[in-house]
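Reading through the C-alpha cells given below for one structure.
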There are 2 protein chains.
Amino acid sequence: MCGSFRRTARALTSFYQEALWPLGLRATQLTILQALSRTGEVSQGRLGEILAMDSTSLTRTLAIMRRRGWIAVRRGEDQRERLLRLSRGGAAKLKRVTPVWDGVQARLRGKLGERGWKNLLRLTNQVTEWTTAQAGSL
Amino acid sequence: MCGSFRRTARALTSFYQEALWPLGLRATQLTILQALSRTGEVSQGRLGEILAMDSTSLTRTLAIMRRRGWIAVRRGEDQRERLLRLSRGGAAKLKRVTPVWDGVQARLRGKLGERGWKNLLRLTNQVTEWTTAQAGSL
DNA sequence: CCTCTATAGATGTATATACATCCAACTCAG
DNA sequence: CTGAGTTGGATGTATATACATCTATAGAGG
C-alpha cells in the first residue's frame, strides 16, 4: 500500500506538473500557497501538521518561496514562532495558476467519475488521519 | 487530489518506516527489493516504468543499494542496458524485513477493512495507469 | 564500412523530505 | 528571580526525485 501510494503520488505529480511547469511552480509549492490561502496566517509548525510534513522540512521550501516573494513571514507573540502568510505576489501567483491546475484536475475527475473521485479523497484523508494519529504510538 | 496523495504518501511512509527504521531500510528501497523479487532480472528502464519513476532517478538509489550489497547489476546483450536483480544479500534482507512490513500493513488493513483496502488499491492503481498513459499527450 | 539518428543510462543541478542536533525563547517549580 | 526542562525553528546530512544534458552503444540507410 505504501509503495502503491508513493507510486501514484509520483505519477500524479508528474501529470499535474506537466501543465504547471511553464508557470515555474512546483506541486509542493502550490499546495503551500493553497493551504495558506485557506488558513490565513499560521505558524510553521501548524502548517507542517496540516500538510503532514516535518516542520523543519518546510524551512527549506519556505526559504525558496520567500525568495520568490510568494510568502511573508513575521515573528509571533511567542518569539520562537514564524508566522506565515501569502504575500501580495503569492496571492497573485495562486490566482494565475489556479485555473490551469483546476483544468488538469477536471480531466482526472472526469476520468474517475464523481463516485470514484469522492471515494478516493475520503479514503486518502482517512488514511492520513489515522496513520498520523498512530505516529509514535508503538 | 495531487496534494492529498502527496500528503498521504508522506504520512503513510512515515507510518511504515517507523517500524523499518531499526532495520536500516527505506521505503523506496524495500519497494525496489519487492519489485525485483517479483520480476526477476529487469533493465533499469523497465523498472522505472514499473515504479512510475524516472529511470535516471533510479541510478542514485540503485547505487546506494549496490553499495550495501542488495542488488547485482550486469550489462545486457544490448550493452547500454543495465540488468538488475536481487543479490543473495538482497534476498536475505527482503526475507528478514517482510514480516515486519506485513505486520504494519496488517494494522492499516484492519483499520480500513477489506472493502476499503481493496477499493483504495484499485483506485490508486487506476490513477497511476491513467495518468501515466496521459504523460506527454498535451 | 560509415554516418545519422535514436535509445539506455550517467551526471549536473535543483527541489522535496526526513531525522539528529543545536540554539533561542518560553514555562514552571521553588 | 533562577535554573531545569520544553518547544519552535534552523542547520547538517542523507535519501528521493525530476529534468537537462552528455556519452556510449544500437540500428538504419547508403
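Naming convention: chains lettered A, B, ... in sequence-line order (proteins, then strands); numbering from 1 in each chain. Side chains are part of it too, since the values below use all heavy atoms of this structure and drop only hydrogens, waters and symmetry mates.
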To the nearest Å, how far apart are Arg7(B) CZ and dA18(C) P?
13 Å

To the nearest 0.5 Å, tell me how far Trp70(B) CH2 sits from Leu94(B) CG.
11.0 Å

Quick one: do the Gln29(A) and Thr61(A) side chains pair a donor with an acceptor below 3.5 Å?
no

Without decimals, in angstroms, what is the distance between Glu77(B) CD and dT7(C) P?
18 Å

I need the CD-C1' distance between Glu81(A) and dC23(C), as an integer number of Å.
17 Å

Could you give the CG-to-C1' distance, from Leu51(A) to dA18(C), as a whole number of Å?
15 Å

Tell me whether the OP1 or OP2 atom of dA18(C) has a side-chain N or O from Thr13(B) closer than 4.0 Å.
no

Which nucleotide in the list dC26(C), dA18(C), dA10(D) gets nearest to the side chain of Arg82(A)?
dA10(D)

By nearest-heavy-atom nucleotide on DNA chain D, the more 5' of Arg46(A) and Arg26(A) is Arg46(A)

Taken to the nearest whole Å, CG/Leu83(A) to C1'/dG9(D) is 12 Å

CZ on Arg85(A) to CZ on Arg74(A), rounded to 0.5 Å:
7.0 Å

Do any side-chain nitrogens or oxygens of Arg10(A) fall under 4.0 Å of OP1 or OP2 in dA16(D)?
no

Please state how far atom CG in Leu30(A) lies from atom P in dT15(C), giving the value in whole angstrom units.
16 Å

Return the CG to CD distance between Leu120(A) and Gln126(B), rounded to the nearest 0.5 Å.
9.0 Å

I want to verify a distance call: between dT15(D), dA24(C), dA8(C), whose nearest atom is closest to the Arg80(B) side chain?
dA8(C)

One should read off an interatomic distance between Leu12(A) CG and Arg7(A) CZ, to the nearest 0.5 angstrom, of 12.5 Å

Could you pick out which residue, Ser14(B) or Gln29(A), lies toward the 5' side of DNA chain C when each is mapped onto its nearest nucleotide?
Gln29(A)

dG9(C), dC26(C), dT17(C): which one has an atom nearest the side-chain heavy atoms of Asp78(A)?
dC26(C)

Distance test, side-chain N/O of Gln17(A) to OP1/OP2 of dC19(D), below 4.0 Å:
no

Asp54(B) CG to dA10(C) C1', in whole Å, measures 12 Å

Contact list for DNA chain C against residues 55-76 of chain A - heavy-atom distance below 4.0 Å
Thr56(A), Ser57(A), Arg60(A), Thr61(A), Ile64(A), Arg68(A)

Roughly how many Å is it from CD1 in Ile32(A) to C1' in dA16(C), rounded to a whole number?
10 Å

5′-ward residue of the pair Gln44(A)/Arg6(A) relative to DNA chain D:
Gln44(A)

Specify the closest pair of heavy atoms between Arg107(B) and Trp130(A), including all atoms of both residues, with the distance to one decimal.
O-CH2, 3.6 Å

Determine whether Leu121(B) and Leu123(B) fall in the same hydrophobic cluster, where Ile, Leu, Val, Met, Phe, Trp and Tyr are linked whenever their side-chain heavy atoms lie under 4.5 Å apart.
yes

Proximal nucleotide (of dT25(D), dA25(C), dA10(C)) relative to the Gln79(A) side chain
dA25(C)

Between Thr13(B) and Arg6(A): side-chain donor-acceptor atoms closer than 3.5 Å:
yes

